[in-house]
Amino acid sequence: MKRILLMLATSLMLGGSMVQNLKAQTNQGDFVLTGASQLAFQSTFSGGESEFTFSLTPSFGYFVADNIALGMTGSVLYNSTSGAVIYSAMPGVTYYINMGRNFIPYIGAQIGYTGASSAGTALNGLGLGVSGGGLLMVNDHVGVGLGLQYLHSRYFVQAVSIKANTIAMAIGLTTFF
C-alpha cells in the first residue's frame, strides 16, 4: 500500500511539471468548492472483528486575493466498531501556489468547532488543523487533489481537557468557478 501511494504522489508531481499549462481560476473574486472522502474497511485476524470507517469533507471558499481563499470546511467521520461519529465545522485560509501549470500545490490552516459522539456521550471542543498537498488540474476549472491533513482537537469535560490528534490522507475533487 505504501508503495502504491508513493508511486501515485510521484506521478502527480512529475506529471504536473511536464504536461501542458493549465490555469486554474485562483484570482480574487473566484470561488472554490472541494469534496474529499475516505472509505476504509479492515478485518482483524486475531478477533475476527470487522471495522468500517467513512468520512466526508466538503469545503467552500472565496478568493479574497489572488491565490488566497477564505472558506469553511465541514467534516463527518463514522466508525462502525465504536459507533463513534466525529464532526467539525472550521473556517480557514488556503494558499494556492499557482504558477500557471497543471499541478498546483497548496497549504492551509483551520480553526473551529469539533465534536464527537459515541455510546450516548457527546464531547465538544476546539479544533486546529493544517493541510497541504497538490491539485492535478484536469482542465481550467476541475482538479484532482491529494493531500495530508493534521487535526488537533481539545475537548473539555468537567474541567478536564481531553486531547486528540489525527493525521489523514485525503483524495478529492476541486472545482474553481
Side-chain angles (χ1 to χ4, degrees), residues 1-2 5-6 8-9 12 26 30-44 46-47 49-65 67-98 104-135 143-176:
M1 182 67 176
K2 289 180 184 179
L5 293 175
L6 180 62
L8 180 62
L12 283 173
T26 60
D30 291 335
F31 293 91
V32 60
L33 177 65
T34 301
S37 66
Q38 181 181 29
L39 179 64
F41 179 80
Q42 71 180 33
S43 180
T44 57
S46 59
E49 303 269 333
S50 294
E51 181 177 289
F52 168 78
T53 303
F54 175 76
S55 73
L56 181 63
T57 307
S59 177
F60 180 77
Y62 174 75
F63 285 91
V64 295
N67 301 321
I68 299 174
L70 293 180
M72 178 65 92
T73 300
S75 180
V76 177
L77 181 133
Y78 171 74
N79 182 287
S80 65
T81 302
S82 63
V85 177
I86 301 168
Y87 45 91
S88 67
M90 301 188 351
V93 61
T94 304
Y95 177 67
Y96 294 88
I97 305 165
N98 188 355
I104 303 172
Y106 67 87
I107 55 173
Q110 306 87 27
I111 183 170
Y113 172 81
T114 63
S117 175
S118 179
T121 302
L123 301 173
N124 300 299
L126 176 68
L128 301 168
V130 292
S131 59
L135 298 171
V144 177
L146 180 64
L148 288 174
Q149 302 170 332
Y150 169 76
L151 177 64
H152 172 78
S153 301
R154 183 172 283 182
Y155 304 105
F156 302 99
V157 180
Q158 299 176 350
V160 175
S161 176
I162 300 171
K163 298 175 187 175
N165 295 300
T166 306
I167 296 176
M169 185 172 170
I171 189 167
L173 289 176
T174 299
T175 303
F176 297 93

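Once rounded to the nearest 0.5 Å, the distance linking OG of S153 with CD1 of I162 reads 11.5 Å. To the nearest 0.5 Å, atom OG1 of residue T26 and atom CG of residue N67 are 4.0 Å apart. The OG atom of S75 sits 7.5 Å away from the CD atom of Q149 when rounded to the nearest 0.5 Å. The CZ atom of R154 lies 9.5 Å from the CG atom of N165; values are rounded to the nearest 0.5 Å.
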L135 vs F176, side chain to side chain contact (heavy atoms under 4.5 Å, CB included): CA-CA, chis, key distance, verdict: CA-CA 11 Å; L135 298 171; F176 297 93; 3.7 Å; yes
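In terms of heavy-atom proximity, V32 sits nearest to F63 at CB-CE1, 3.9 Å. The two residues T73 and S59 come nearest to each other via the heavy atoms OG1-OG, 3.2 Å. The two residues S161 and F156 make their nearest non-hydrogen contact at OG-CE2, 4.1 Å.
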Tell me which donor-acceptor pairs under 3.5 Å the side chains of residues 85-95 have, and how far apart each pair is, sequence neighbours excluded?
none

Throw together a table of side-chain donor-acceptor distances under 3.5 angstrom for residues 116-128, partners on residues two or more places apart or in other chains.
residue	atom	partner	partner atom	Å
S118	OG	S82	O	3.2
N124	OD1	Y113	OH	2.4

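By the 4.5 Å heavy-atom criterion applied to side chains, Y62 and L70 are not counted as neighbours.
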